[in-house]
Structures are given as structure tokens and as C-alpha cells.
Protein chains: 2
Amino acid sequence: MKSGYTDQYNTRNKMYVATDCIVFGFDEDGLKLLLFKRKVKPDEGKWSLIGSFVELEEDVDDAARRVLKEITGLEDVFFEQSYTYGKAERDPGYRCISIAQFALIRINDHDRELVKNYGASWHNIESVPQLVLDHDRMVRDAFQKLRDRARRRPIGFELLPEKFTIPQLQQLYEAIYQRKLDSRNFRKKVISLKVLEKLEEKDKTSSKRGAYLYKFDHDNYLKLQESGINFEI
Amino acid sequence: MKSGYTDQYNTRNKMYVATDCIVFGFDEDGLKLLLFKRKVKPDEGKWSLIGSFVELEEDVDDAARRVLKEITGLEDVFFEQSYTYGKAERDPGYRCISIAQFALIRINDHDRELVKNYGASWHNIESVPQLVLDHDRMVRDAFQKLRDRARRRPIGFELLPEKFTIPQLQQLYEAIYQRKLDSRNFRKKVISLKVLEKLEEKDKTSSKRGAYLYKFDHDNYLKLQESGINFEI
DNA sequence: TCAAAAGTGTTACAAATACACCCATGT
DNA sequence: ACATGGGTGTATTTGTAACACTTTTGA
């Protein structure tokens, strides 16, 4: 025990439970990760995932919701458990296990001010800085899980705006799979899933010709979520 | 707080971390689950998964290994995290989150005496009794995960004896998927994976003609584990 | 008129599915 | 000789992968 500390203050003398959120966001320039710059010792100034200890009377899921609300201003965020990190030595400061959860949000929906005030910022998924503790591994694992999930269930709904174009949806999948997809095969595949509803309007922000806007058919989307698909493309 | 208790004895005044093991076993009569009959209050006499609190200085994985060793006598058991259950009210006795892990073992390898002494026993996967707390859900979730896993990675290695027949392997998959498979297609598929090594010997315990024994090609099996497959059959 | 992104069809190949009979052997 | 489970092959369908040109329109 460190000298001067009594048991009461020894943070390794008790079990802590934390949750860390791997927040994936998508906007017009791609897939990003929300990180924050630690303001306190140890590791002050280093990048970290956003997270929190789970309170005694709080569900683990609620802790994730609380953190997401606090930092992005958003409620009803889609998130899913990724993995629980339980090595005794994973955090030198506390005996702390962490339940990692990944969240999917539309970057344009969140509260930019709030994020800024928390010292948080968005980082392109291709250029994530080194993170504290085992957070690098958490990001790798969660990204892998996101990829697996995208292959088996549709996921655009949580990341795209209400109305979106097929090229935008394709960009999302390209960012997740980290490779180029064939636009003809992609279009064929997503249309065959029968979850897209074509609108009359066009989006002209990224081409002169404009691309038709679509929205998800919520019912069919949910059915697909439950039944699963094989989105190997 | 219950009267007569001080803070020190109030088990809801501190965070506990437990691990519960969903132990799947396979033998000549099918896929089974290892359960144990609680010997202490509360819920004395009710069926439960095997589990333990995670010690302060112990990795979560090691806690699972410890429990499995204690109850089955086996070391080097294959196990994988399933899900972490973190509702504040999931256990009325303790504020306790539980990391569920599923394990796969060959029933004929384990220590029958030890299991018996612990009040544990094997239950056919089709007829699992009602369990304490949220253990029913843990079993459902883990079985679902096992099914998903079997579809993407080979799993026979952990559950079958060193030498086994193709009909036995098929029985395993039928027990996991809970449906009959076509023997011609099954055989075609597993042979195409190139992880089976055909032996000269035959097993005559279940037919007069006898079925050829096979063993897994360990290297190719591991490669398949890593690269993944689509075992949709 | 040209640059830039949107949209469209066909063919080849691979994999999954459905399906029925003969084989070997112990009793 | 017959009952029992083991073993084999083919045709069909389905899905994936590869591939190139025309359309629209603002600048």
C-alpha cells in the first residue's frame, strides 16, 4: 500500500466497474470516432475513450446512456455491448473492469458545443491517435464488431440522416469495410433488401445531376435487424 | 438497509463482479449443459449456473478458469465471453455484475466424481430446468452465441474426442442448430474445409458396417478459426 | 462542351440445396 | 435375408463477382 494511504483511499483495494464508449459517428466526410483529451492526472493530455464508473445503483447500460447524453447531448442513442475487459492489471490506478460499448450516431445530430467543452473531438477512423490504457484494443475490437455486425444486420439507420442517397449509404459501408465497393452490385443488393423507400426529391449537394433521396422503411428495417442478413459485398 | 446490518455487511453497498459459466458438453447422447444445485440460501435447492465472484487481484478470465477447474477438474478449457449482465437489480442479494462466459468441453474428459460432489449435473440442452436469477437468459444468449459461432468458425475440436466419425460431427451440429441436416451435403461441406484427416480405423459402436474415424488437422483447424468460414448448412 | 457523379444490365462462376440409391455387416 | 446406419453423385437454383457505358447538369 502506498504510504500515507489508508485502506479507505487505496483505489486498488476495491472493485470498480466502468463503462467505456466507442462512439462511431458518420457525416459527409466519413466514419469517425469520438475521443476526448484527459484533463486530469494520470495521463493528462492523452487521448482516451469517453467513459465513466458505473454507479452503485445504476444499470451498466444506463451508465453508457448517461455518458453519451453528457457529452453529445443525445438521448436514445443506439449502442451495443462490445466486450468486457477484466484483466487485474489493465488499469494501474484502479482495480477496474470495463464494459466496452459501441455507439452509433449521426454526427450532425449531436451538440457541438457540448463536445467541445468536454475536450472531446472527432477523429477520422483512419487516423486514430494512440490512446490510454487498453483503449487502443477496445477500438480495434469494437471496429471489428461493427464490421461483423454490418455484415449480418443493416446499420445505416443509426448513422445516416433520415433522408440519404444510395451513394451516401455506399460511402458508409466503404468506410466500415475499409474498401471500395462496386456501385452496381451495391445498389442491386441494397434494393433487393426492400428496406429502402425511394423519394421524389434529389440531393444535389454532391453532384450536378443530383441523386435520389431514400429513407428507410422502418418496419422492414426492424424485421431485417431481427432476422439477419448476409451483407457480404 | 436491513436492520442489524452495518455498512460493512451490507452487500448492496459495494460493487461485486462475478463470472458465470455456461458449460456446454457433448457426448454420445448429445449436447448438454452443466448446472449445479445451490446448497445455500437464498434459492437453496434451485438450479444455477456455476460461477464465482472475481477476486480483487484476479483476471476475469482466470476466475472462469478457476471455477471450471474446481468443478470439472479440467484445465485448458476452451471458453469465450458471452455477455455482461449489469442491471442494478439483477441479483437481489448483491450489487453484482456478471460476466457470462461459455465453455465447451468433452463430457467424457471431465471428472465425474468432482462434478457429483459439487452437486452439479449434466442436463440435455432440450430440457434445461428453470434457473435462478437471470441465468435462464444467460443460457439462451450463450446458446445463440454458440450457434452464431458455429456458423462462422469450426467448433468440433473442443467438443469431440480426438477421433470421431463424420456422423458424430453431424450429430453435434444438429444439436447446436437444433435441426436435421442432410448427410450428403454435410459430408461434402466438412470435407471441403480440409480440416479432417481420415484414419484407417473404423468405429463400430453405432453401426454394423462401422464408420471411418477422423481427426482434426490442428494447423488447418486453427487457420480456419482465425480466418472464419461460412458454415451455413 | 466538359467535368463529375448518378444510374443501369449481362455474363460467368461459385456455392447452397434438393434429392435416392447402394454398401457393408452383425444378427 | 434383412435391418441398420454409412457412404456416394448429380442437377437446379441462388447468389456473388466482374465488368463499361450512358445520363444529367452546373460551371
Side-chain angles (χ1 to χ4, degrees), chain A residues 28-30 147 150-154 156 160 163-175 177 179-215 224 227-233, chain B residues 28-30 147 150-154 156 160 163-175 177 179-215 224 227-233:
Chain A
E28 49 288 346
D29 41 77
R147 250 180 269 130
R151 212 184 308 280
R152 313 171 74 68
R153 318 270 170 191
L160 289 168
K163 298 172 182 181
F164 56 89
T165 68
I166 290 189
Q168 277 168 26
L169 182 57
Q170 180 170 345
Q171 280 156 33
L172 170 60
Y173 272 85
E174 289 180 340
Y177 291 163
R179 65 188 168 91
K180 283 279 168 206
L181 302 174
D182 181 282
S183 66
R184 291 160 291 189
N185 292 340
F186 183 84
R187 191 176 281 271
K188 209 186 309 172
K189 181 83 186 215
V190 295
I191 289 174
S192 77
L193 296 177
K194 301 197 185 302
V195 287
L196 295 187
E197 189 180 332
K198 189 174 183 173
L199 305 175
E200 285 311 307
E201 311 161 65
K202 284 188 163 194
D203 171 277
K204 297 217 167 190
T205 55
S206 73
S207 83
K208 291 149 185 173
R209 180 182 178 177
Y212 281 104
L213 286 163
Y214 288 76
K215 62 178 186 182
L224 251 196
S227 64
I229 46 163
N230 185 19
F231 207 102
E232 202 81 58
I233 201 162
Chain B
E28 49 290 346
D29 40 78
R147 247 178 272 132
R151 215 184 305 281
R152 313 172 74 67
R153 318 269 171 193
L160 289 169
K163 299 173 182 179
F164 55 88
T165 67
I166 292 190
Q168 276 168 27
L169 182 58
Q170 181 171 344
Q171 280 156 33
L172 170 59
Y173 274 83
E174 289 179 341
Y177 291 164
R179 65 188 167 93
K180 282 280 167 206
L181 302 175
D182 180 283
S183 67
R184 290 158 294 191
N185 293 338
F186 182 83
R187 192 174 281 270
K188 208 186 312 172
K189 180 83 188 215
V190 294
I191 288 173
S192 77
L193 297 177
K194 300 198 187 301
V195 287
L196 296 187
E197 189 181 333
K198 188 175 184 174
L199 305 175
E200 285 310 309
E201 311 162 65
K202 284 189 162 190
D203 172 278
K204 296 214 167 190
T205 57
S206 74
S207 80
K208 290 151 188 175
R209 179 182 178 176
Y212 279 104
L213 286 162
Y214 287 76
K215 61 179 186 181
L224 251 196
S227 65
I229 46 164
N230 185 18
F231 207 102
E232 204 81 59
I233 201 165

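A note on names: the letters A, B, ... follow the listed sequences, proteins ahead of strands, and every chain is numbered from 1. In this text the structure is predicted, and so the values were computed from the model without any measurement.
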Check your understanding: Is there side-chain contact between B:Lys215 and B:Leu199, with at least one heavy-atom pair below 4.5 Å?
Key -> yes
**Study point:** Interatomic distance, A:Asn230 CG vs C:dA15 P [rounded to whole Å]
**Key:** 14 Å
Revision key, fill the gap. Closest to the 5' end of DNA chain C, once B:Lys208 and A:Ile166 are matched to their nearest nucleotides, is A:Ile166
Practice item. Assess whether atom NZ of B:Lys202 is packed by more than 12 heavy atoms of other residues, nucleotides or ligands within 6.0 Å. Key: yes
**Study point:** Closest-nucleotide 5' rank along DNA chain D - winner of B:Asp182 and B:Gln168
**Key:** B:Gln168
Practice item. On DNA chain D, reading 5' to 3', which nucleotide is the first and which the last to sit with an atom under 4.0 Å from a heavy atom of chain B, could you check? Key: D:dG5 to D:dT10
Point to revise | Rounded distance (Å) that lies between atom C1' of C:dC23 and atom NZ of B:Lys204 | key: 13 Å
Exercise for review: Please examine the side chains of B:Thr205 and B:Glu28, heavy atoms only from C-beta on, and report whether any two atoms are closer than 4.5 Å.
Suggested key: no
Revision key, fill the gap. Ordered by number, residues from residues 183-198 of chain A within less than 4.0 Å of DNA chain C (heavy atoms) are A:Arg184, A:Arg187, A:Lys188
Study note, to complete from the structure: note: B:Phe231, atom CZ; C:dT17, atom P; distance rounded to Å ~ 11 Å
Check your understanding: Can you name the side chain to side chain contact (heavy atoms under 4.5 Å, CB included) partners of A:Ser207, sequence neighbours left out?
Key -> A:Arg209
Check your understanding: Any idea how B:Phe186 and B:Tyr173 line up, ring-wise: parallel (<30°), tilted (30 to 60°), or perpendicular (>60°)?
Key -> tilted
Check your understanding: Within this structure, what is the NZ-to-C1' distance between A:Lys202 and C:dG7, rounded to whole angstrom?
Key -> 9 Å
Check your understanding: Under 3.5 Å, is there an N or O donor on one side and an acceptor on the other linking the side chain of B:Arg209 and the base of C:dA24?
Key -> no
Check your understanding: Is the backbone N or O of A:Arg187 less than 3.5 Å from a side-chain atom of A:Gln170, with the two atoms forming a donor-acceptor pair by type?
Key -> no
Review point. How far does NZ of A:Lys194 sit from CD1 of A:Ile191, to the nearest 0.5 angstrom?
Key: 10.0 Å
Point to revise | Separation between CG of B:Leu196 and OH of B:Tyr212, rounded to the nearest 0.5 Å | key: 15.5 Å
Practice item. Please tell me if the side chains of A:Val190 and A:Tyr214 come closer than 4.5 Å, counting only heavy atoms from C-beta onward. Key: no
Check your understanding: Reckon B:Ser206 touches a base, only the sugar-phosphate, or nothing at all at heavy-atom distances under 4.0 Å?
Key -> sugar-phosphate
